[in-house]
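Notes for the one structure printed next.
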Amino acid sequence: MTKLLEMNHTLCFATRTRLNVAATSPFVLSAGDGRGYCSKTTCLPYRLKFTCYATLSAVVKEHNTSGFNGKEAALLVDELRNNFNTGRTKSYEWRISQLQNISRMLDEKEKCITEALYQDLSKPELEAFLAEISNTKTSCTLAIKELKNWMTPETVETSVTTFPSSAQIVSEPLGVVLVISAWNFPFLLSVEPVIGAISAGNAVVLKPSEIAPATSALLAKLFSEYLDKTTIRVIEGGVPETTALLDQKWDKIFFTGGARVARIIMAAAARNLTPVVLELGGKCPALVDSDVNLQVAARRIIAGKWACNNGQACIGVDYVITTKDFALKLIDALKTELNTFFGETPLESKDLSRIVNSFHFRRLESMLKENGVANKIVHGGQTIEEKLKISPTIVVDVPEASSIMQEEIFGPLLPIVTVEKIEDGFQVIRSKPKPLAAYLFTNNKELQEQFVQGVSAGGISINDTVLHVTLKDLPFGGVGESGIGAYHGKFSYETFSHKKGVLYRSFSGDADLRYPPYTQKKKMVLKALLSSNIFAAIWAFFGFSQDSS
């Protein structure tokens, strides 16, 4: 695994320039700003030397000061596997008790969770509750309610060739699984996959993001207080800890982050043929027709961009496509609603999250300063680096080659792309890798159908943004470079389960048709049975058939 990390790219995706780094420098699976985030009141002492890219980036390898190394990781996995092999996590009683403890934790520690999210991201209290705590509660409540149903074997039909028999699909836990979460929704993206893993009966190791250190520390504390420490563990840390964990054999790895690091995760998993779930991201488009309710459309775009962790969300609106004739009206509506939501001085708004750290602040600022972009700002563009604040910013028709159009933005910058007719927007979307989410605003039913059938994305919302991920009967996951696998609701249970086919037969009804010697009569009867022609089978059994082959 170390070699894989050392071979990681030296191309900085944020600036699209080569880095002055030796080819053998060990690059790793993290994201930071070189020092963590410091303010006048809080300093999170996290030292990283270099970072690159939006969600999970490359940093120069740091020394392991936690004492958690490959040997410790191997001992941890062995301990959890031994405890899993006792069978205790497979019982309904164990699973439901752990889920109930998570539910109790969410109720009792809501304030602590909100404070940690504010410390890491300045996330507004209501946004923290709606986006992270409430969604986690919903997932946990659903799992508690449906767990018995999910665990119940599914009876399936058998065929005449196995008569008399019965068959079932039985869900079994995979074993010991690893969950690696992201910093942008550090509580939700940590706990929700763990809920699925516990529901399915697995032992779990959670590796929270070190880029949200307050939430990471809180998760470690709460899990040790509320959950079974012999089968559910949190490992904090950065590069060395992640490397040590990935060097182990797991029964599944669940990773939330960026596509480039996902390739490293897959390479590590491939050594042991470990299955993976990769929840990634991409440039999520919003195609806006001219027949919409303009105010509602603008508000919902804002909700899926700036009111969604200030754009730092994998399903957030990354860019908007609309017609040249309609663009000015849409921009005016966005400006009006932005002023309503965040005031005329949005950098002072308490309802707008900050950028996670100074590296990402500078990355976003450099996007705005690129040639062909700086002169296309039609709204916003104000920044305060010491507060890590960037105001909601709109740019129009910037060069396609600019990094703001080539890379996932992961911040409060919104490019608007104009086309001659709305159908031309389909080609713009198809010219980019498949996104995690795609949005369409229109009252045209035919256009809606064309969009659903013609745009490949992890998920789609028509006339809204983001909300499709709150429906637990819909799978949430990517396609292509936006991810592999899905979760949420029952899909979380299934992604951490193996569907085992089981056939039940008695010792009666043992016909000799399947056994040698293979006669012409047996051939005729079996061919008739396999074609589901019972009358022909009976006819052949008595030696009558026109089939002379």
Side-chain angles (χ1 to χ4, degrees), residues 1-2 5 8 26-39 42-70 72-73 76 113 115-123 132 178-191 193-194 204-224 233-247 253-258 260-262 264-265 268 279 309 312 314 354-361 363 388 410:
M1 182 61 207
T2 302
L5 300 178
N8 198 5
F27 279 65
V28 296
L29 312 174
S30 187
D33 67 342
R35 59 174 176 81
Y37 168 64
C38 292
S39 69
T42 304
C43 182
L44 304 175
Y46 209 79
R47 296 180 58 82
L48 300 174
K49 296 181 181 178
F50 180 77
T51 57
C52 181
Y53 198 52
T55 50
L56 286 164
S57 10
V59 300
V60 175
K61 188 174 182 181
E62 60 188 76
H63 294 293
N64 186 352
T65 58
S66 71
F68 187 86
N69 51 30
E72 292 292 320
L76 170 65
I113 298 166
E115 289 175 350
L117 292 171
Y118 185 82
Q119 187 175 353
D120 285 330
L121 290 155
S122 294
K123 191 167 288 192
E132 304 218 36
L178 172 64
V179 174
I180 304 175
S181 65
W183 55 259
N184 55 329
F185 292 88
F187 189 84
L188 173 69
L189 298 182
S190 294
V191 181
V194 169
V204 192
V205 172
L206 168 64
K207 167 59 182 69
S209 172
E210 73 278 15
I211 306 309
T215 306
S216 176
L218 181 64
L219 285 166
K221 179 176 183 293
L222 295 182
F223 272 41
S224 67
R233 298 284 287 276
V234 175
I235 298 299
E236 288 195 274
V239 172
E241 291 79 9
T242 304
T243 303
L245 290 170
L246 286 173
D247 277 337
I253 298 174
F254 188 106
F255 168 74
T256 304
R260 187 166 59 87
V261 174
I264 300 174
I265 300 289
E279 294 297 336
N309 202 27
Q312 299 170 109
C314 55
R354 65 166 170 82
I355 308 306
V356 66
N357 55 37
S358 60
F359 166 77
H360 286 289
F361 178 92
R363 177 184 61 81
L388 298 179
F410 232 70

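Given the structure is predicted, the values throughout are model-derived calculations rather than measurements.
Remark: Thr243 OG1 to Phe68 CZ distance equals 11.0 Å, nearest 0.5 Å. Note that the OG1 atom of Thr256 and the CG atom of Asn184 stand 8.5 Å from one another [nearest 0.5 Å]. In this structure, the separation between CG on Leu245 and CG on Leu206 is 10.0 Å, given to the nearest 0.5 Å. With rounding to the nearest 0.5 angstrom, the CG atom of Asp120 is 8.5 Å from the OG atom of Ser209. Interatomic distance, CG of Asn357 versus NE2 of His360, reported as 5.0 Å (0.5 Å rounding). Here CD of Gln312 is found 6.0 Å from CG of Leu121. Values are rounded to the nearest 0.5 Å.
Smallest separation of non-hydrogen atoms from Leu218 and Ala116: CD2-CB, 4.0 Å. Glu236 approaches Ala217 most closely through the heavy-atom pair OE2-N, 3.0 Å.
Taking the ring centre of Phe255 as origin, the terminal cationic atom of Lys207 falls outside the region bounded by 6.0 Å and 45° from the ring axis.
Not one N or O on the side chain of Ser216 forms a donor-acceptor pair closer than 3.5 Å with the backbone of Ala212. With hydrogens and angles ignored, the 3.5 Å screen pairs no side-chain donor or acceptor of Gln119 with any backbone N or O of Ala214.
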### Query
Hey, mind stepping through Phe254 and Glu279 against side chain to side chain contact (heavy atoms under 4.5 Å, CB included) and telling me if it holds?
CA-CA 8 Å; Phe254 188 106; Glu279 294 297 336; 3.8 Å; yes
### Task
Tell me, with the steps shown, if Phe185 and Lys123 meet side chain to side chain contact (heavy atoms under 4.5 Å, CB included).
CA-CA 10 Å; Phe185 292 88; Lys123 191 167 288 192; 3.4 Å; yes
#### Entry: Residues Leu219, Val191; criterion side chain to side chain contact (heavy atoms under 4.5 Å, CB included); working and verdict
CA-CA 9 Å; Leu219 285 166; Val191 181; 3.7 Å; yes
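Taking the side chain as every heavy atom from C-beta outward, Arg354 and Phe361 never approach each other to under 4.5 Å. Between Leu246 and Ile180 there is a side-chain heavy-atom pair separated by less than 4.5 Å. Using a 4.5 Å heavy-atom threshold, the side chains of Pro186 and Leu117 count as touching. Taking 4.5 Å as the limit, every side-chain heavy atom of Thr215 sits out of range of all side-chain heavy atoms of Pro208.
A perpendicular orientation is assigned to the rings of Trp183 and Phe410, their planes being inclined by more than 60° (bins at 30° and 60°).
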